[in-house]
Amino acid sequence: MLVPAEIRQQLSRKAVIMHMRQNAMDHPETGSWFGNVTCSLPSETWPEMNGKPMFALCQINVLELPYCPPLLEDMAMITLFVAPQIGTNYLYPNGNQWLLRAYHSLDDLIPLAPVPTASEIPAVALAATPPRDDFPCWEDVNIDLPLNIAEHYYDHFSTSDGIKLGGWPNLVQTRVHWEKIRKFAQSRPEFVFQIDSFYPGNWLWGNSGVGYVGRGTAPGREDQWFLEWQST
């Protein structure tokens, strides 16, 4: 049974998947990394949580992506840190249990001096695949589907896993409820990217879960970022 092209078009979003580079010898410090953050503004230092240095989870050079999701089009670099014990699958404000730094330009960035942490996440160079069509999990389907397609949804549509920018969140439990916390809901967050449990990088969200990052879309709240993670 073929799915009409207009249905695929309505559901589809472009996504870029990040994979481990086989040869990292020539990978630039300002490139994309898992388990490594190499740069910051001169006014920034290595972040801490409860007096302990946070773990470097990833660094994404947006300018190198073969496709840029709409909510990242004004960005050049994103760095992400997490606390050693990030807790359970609740929503946290940026800076509590995790920290995302977003930069509109690379011009003012300088090398960030590493500090000793207890992290066992190795530095893994990342490279982006060509963009692909990504489809929502059933919980995120936002259009009416013919019954014969709805009953066999996952025979026709799939949601990419992995370290993914753009596309749809690959849900572990239920849809991401940014609106659970009223002050977060006021920012109207929308999904931007996900960080899957990454076995080559020795990183798990709970029991093989996924972390979802959203960005505020309400006027004046575009620099607000949000994290939820789900686990089985």
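For reference, positions follow the sequence shown, starting with 1.
- Atom CG of Leu165 is separated from atom CG of Leu65 by 5.5 Å, given to the nearest 0.5 angstrom.
- Residue Trp178 holds its CH2 atom at 8.5 Å from CZ of Phe226, rounded to the nearest 0.5 Å.
- Checked by atom type and distance alone, the side chain of Asn207 never pairs as donor or acceptor with a backbone atom of Ser231 at under 3.5 Å.
- Side-chain contact between Arg188 and Pro219 is present, with heavy atoms from C-beta onward closer than 4.5 Å.
- Within a 6.0 Å sphere centred on CG of Asp155, other residues, nucleotides and ligands contribute more than 12 heavy atoms.
- Using a 4.5 Å heavy-atom threshold, the side chains of Asn142 and Leu11 count as touching.
- In this structure, Phe157 and Phe135 have tilted ring planes: the angle between them lies in the 30° to 60° band.
- Nearest approach of Pro53 to Pro84, heavy atoms of both residues: O-CG, 4.0 Å.
- Among Trp225, Phe81, Phe55, the single residue meeting the side chain to side chain contact (heavy atoms under 4.5 Å, CB included) criterion with Trp98 is Trp225.
- Atoms CG and OG, from Leu126 and Ser32 in turn, are 6.0 Å apart once rounded to the nearest 0.5 Å.
- Within the 4.5 Å cutoff, the side chain of Trp33 has heavy atoms near those of the His27 side chain.
- Side-chain contact between Leu171 and Val176 is present, with at least one heavy-atom pair separated by less than 4.5 Å.
- Criterion: ILVMFWY side-chain heavy atoms under 4.5 Å apart, direct or through other members. Under it, Val16 and Trp168 are not part of a common hydrophobic cluster.
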field: Pair Val210-Lys164, side chain to side chain contact (heavy atoms under 4.5 Å, CB included): steps then yes or no
entry: CA-CA 11 Å; Val210 182; Lys164 177 173 66 177; over 6 Å; no
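- None of Asn36, Val124, Leu80 except one satisfies the side chain to side chain contact (heavy atoms under 4.5 Å, CB included) rule with Cys58; the exception is Leu80.
- Heavy atoms of other residues, nucleotides or ligands lying less than 6.0 angstrom from CD of Glu6 number more than 12.
- What you find for Gly162 and Asp196 is that their closest heavy atoms are N-OD2, 2.9 Å.
- Judged purely by atom type and a 3.5 angstrom limit, Gln230 has no side-chain atom pairing as donor or acceptor with the backbone of Gly209.
- Panel note: side chain Gln224, backbone Glu222; no donor-acceptor pair is recorded below 3.5 Å.
- Remark: the backbone N or O of Pro189 is not paired with any side-chain donor or acceptor of Ser187 at under 3.5 angstrom.
- Two different hydrophobic clusters hold Leu106 and Val62 under the rule that ILVMFWY side chains link at heavy-atom gaps under 4.5 Å.
- Side chains of Tyr103 and Thr79 form a contact here, defined as non-hydrogen atoms less than 4.5 Å apart.
- Side-chain contact check for Val172 versus Trp205: every heavy-atom pair is 4.5 Å or farther apart.
- The 12-atom threshold is exceeded at CD of Glu73, counting heavy atoms of other residues, nucleotides or ligands nearer than 6.0 Å.
- The pair Lys14-Asp134 fails the salt-bridge criterion, with no side-chain N (NZ, NE, NH1 or NH2) lying under 4.0 Å from an Asp/Glu carboxylate O.
- Environment of CG in Asp108: sparse, with no more than 12 heavy atoms of neighbouring residues, nucleotides or ligands closer than 6.0 Å.
- Ala56 and Ile121 get closest at one heavy-atom pair: O-CD1, 4.2 Å.
- In this structure, Gln59 and Gly31 approach most closely via the heavy-atom pair NE2-O, 2.9 Å.
- Not a single donor-acceptor pair under 3.5 Å links the side chain of Thr38 to the backbone N or O of Pro111.
- Under the 4.5 Å side-chain criterion, counting only non-hydrogen atoms from C-beta, Gln194 is in contact with Asn170.
- Checked by atom type and distance alone, the side chain of Asn61 pairs as donor or acceptor with a backbone atom of Leu63 at under 3.5 Å.
- One hydrophobic cluster holds both Met18 and Val213 under the rule that ILVMFWY side chains link at heavy-atom gaps under 4.5 Å.
- With a 4.5 Å cut-off on side-chain heavy atoms, Ile195 and Trp229 do not count as touching.
- For the pair Asn94 (side chain) and Leu100 (backbone), a donor-acceptor distance under 3.5 Å is present.
- Of the charged side-chain nitrogens involved, none lies within less than 4.0 Å of a carboxylate oxygen, so that Asp140 and Arg13 do not count as a salt-bridged pair.
- Shown here for Thr45 and Arg101, the closest heavy-atom pair between the two residues is O-NH2, 2.8 Å.
- Separation of atoms CD1 (Ile163) and CD1 (Ile60) is listed at 6.5 Å; rounding is to 0.5 Å.
- Side-chain atoms of Arg215 never come within 3.5 Å of backbone atoms of Val192 as a donor-acceptor pair (strictly under, hydrogens ignored).
- Tyr153 and Leu147 fall into different hydrophobic clusters, defined by Ile, Leu, Val, Met, Phe, Trp and Tyr side-chain heavy atoms under 4.5 Å apart, directly or through other members.
- When every heavy atom of Met54 is checked against every heavy atom of Glu48, the shortest pair comes out as CG-C, 3.8 Å.
- To the nearest 0.5 angstrom, Tyr67 atom OH is 12.5 Å from Thr129 atom OG1.
- Residues Trp46 and Leu41 do not share a hydrophobic cluster, defined by chaining ILVMFWY side chains whose heavy atoms lie under 4.5 Å apart.
- To the nearest 0.5 Å, atoms CG (Leu99) and CG (Leu57) are separated by 11.5 Å.
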